[in-house]
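No experiment lies behind these values; they were computed from the predicted model shown.
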Amino acid sequence: MTKIRKLYYFDKKNTQEMISFLNNNVYDTYINHIMFNPFIPLHHLLPLKFKFLPESYLLKDNKTAKGLITIAPTSCHIKKMEIQKLLFEEGAWDDAVELVQFVVSKYKAMGAVSIMVKVDDYLPDLLSMFVSKCGFSQISYEKLWRINKFIETSYDKKEFREFRNSDAQLITSLYNEALLPHFRPLLSREVKEFREPLFKGLSYYSEYKYIIEDRKSKNIIGGILIRTSDNENFVVDITQTSWVEIDINSIIAFATDQIKKRKKRFGLFIKTKRYTNTGEALEKEFMKNGFECVQNQIVLTNSSARVLKEPAKSGKYTVLSDFCPTRPMPTTKICNKM
């Protein structure tokens, strides 16, 4: 008889084998900061509006672990959740559906307005499961590009500064303006999501935020987010609108210099989002520059809101998890989330 329950510390030994094929950095992060964070037992007791950490659930058949799912809240007032990890035995689609339906029904009953998930395009069976059996809709794409060679270009240091919470309102406006109109009901964000969280030190990843200012007018014209979960691979996410011309090479050079202050050897990646009005243009520029696309994720959502136009079509374990720069072993499939 199968049962889904919260993941507890005494499950550690029982679940370690399920994720032992992950590389050491991802493995340590997942075990220590996500699965067995000492604050999680108390965190489960919080109302949805106060949750800020990922929560995991285990599917067991008697004493055998059959699957695992991790879901995390956003920091907005109207809660949106994201499935960050999904692990189940290869071919055990019923177990996967049971885990997904469990968290969708549980958190929507608590007041969540939408559940989001990102699936790598090389896992069509997993994508089909979310769409046909779990009620998710495909809405857009996100791509991750590896910067194979660091950009050596000059930039004006006065155009960049560290983010302050007082900048959150303007960055929120820039982000929402950049969304294509038919995606705004699903993907728009609130000011609170851009502010520094109160319990930032408890997060399993590190973030560094910067503001791009027009030197003459001193107006904010963009934002830069640098994120890492292993302190070795850094992802740059840029917020801008189509009416603002920003030199991407200068941003990459600036981000590189900021990371070099903390780490001498590292991997650098940059994210593009097809649901923004600059996503397609950036993709073309990155291909022209010879950047390598290492990840193409399909964004899906289970939400009461609707897209206004039809979206574009597009042992062994199957895993939905954080971006991992190393390739999985032949007996595994990994769908990464960034």
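Ion pairing between K80 and E193 holds under the 4.0 Å rule for side-chain N and carboxylate O. For E55 and K6, the salt-bridge test fails: no basic side-chain N is under 4.0 Å from an acidic carboxylate O. Note on E207 versus R227: salt bridge recorded, some NZ/NE/NH1/NH2 to OD/OE distance being below 4.0 Å.
Counting only distance, with no hydrogens or angles, the side chain of K209 and the backbone of F194 share a donor-acceptor pair below 3.5 Å. A donor-acceptor distance shorter than 3.5 angstrom exists from the side chain of D247 to the backbone of N249, with no hydrogens or angles considered. Under a 3.5 Å cut-off, the side chain of S128 and the backbone N or O of P124 do not form any donor-acceptor pair. At distances below 3.5 Å, not a single donor-acceptor pair connects side-chain atoms of K218 with backbone N or O atoms of E213. Remark: the backbone N or O of E196 is paired with a side-chain donor or acceptor of N165 at under 3.5 angstrom. Between the side chain of R184 and the backbone N or O of N176, at least one donor-acceptor pair lies under 3.5 Å. A distance-only check finds no donor-acceptor pair linking the side chain of D257 to the backbone of F254 [under 3.5 Å]. Not one N or O on the side chain of K66 forms a donor-acceptor pair closer than 3.5 Å with the backbone of E89. No donor-acceptor pair under 3.5 Å is formed between the side chain of K51 and the backbone N or O of K79. The backbone N or O of F291 lies less than 3.5 Å from no partner atom in the side chain of N289, so there is not a single donor-acceptor pair.
A continuous path of Ile, Leu, Val, Met, Phe, Trp and Tyr side chains, each step under 4.5 Å between heavy atoms, connects L180 with I139, placing both in one hydrophobic cluster.
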- prompt: Do I115 and I71 pass the side chain to side chain contact (heavy atoms under 4.5 Å, CB included) test, and can you show the C-alpha distance, the side-chain angles, and the key distance before you say yes or no?
  reply: CA-CA 9 Å; I115 313 290; I71 188 168; 4.2 Å; yes

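In this structure the side chain of L126 never reaches within 4.5 angstrom of the side chain of D120, judged on heavy atoms. When side chains are defined from C-beta on, F266 counts as touching T256, because their heavy atoms get closer than 4.5 Å. Counting heavy atoms from C-beta outward, Y208 and Q258 have side chains that stay 4.5 Å or more apart.
R262 meets the salt bridge (Lys or Arg N to Asp or Glu O under 4.0 Å) test with no other residue; sequence neighbours excluded. Here D94 pairs with nothing under the salt bridge (Lys or Arg N to Asp or Glu O under 4.0 Å) rule; sequence neighbours left out.
Distance check: H182 NE2 to L187 CG gives 10.0 Å after rounding to the nearest 0.5 Å.
A donor-acceptor contact under 3.5 angstrom links the side chains of Y141 and Q138, judged on distance only.
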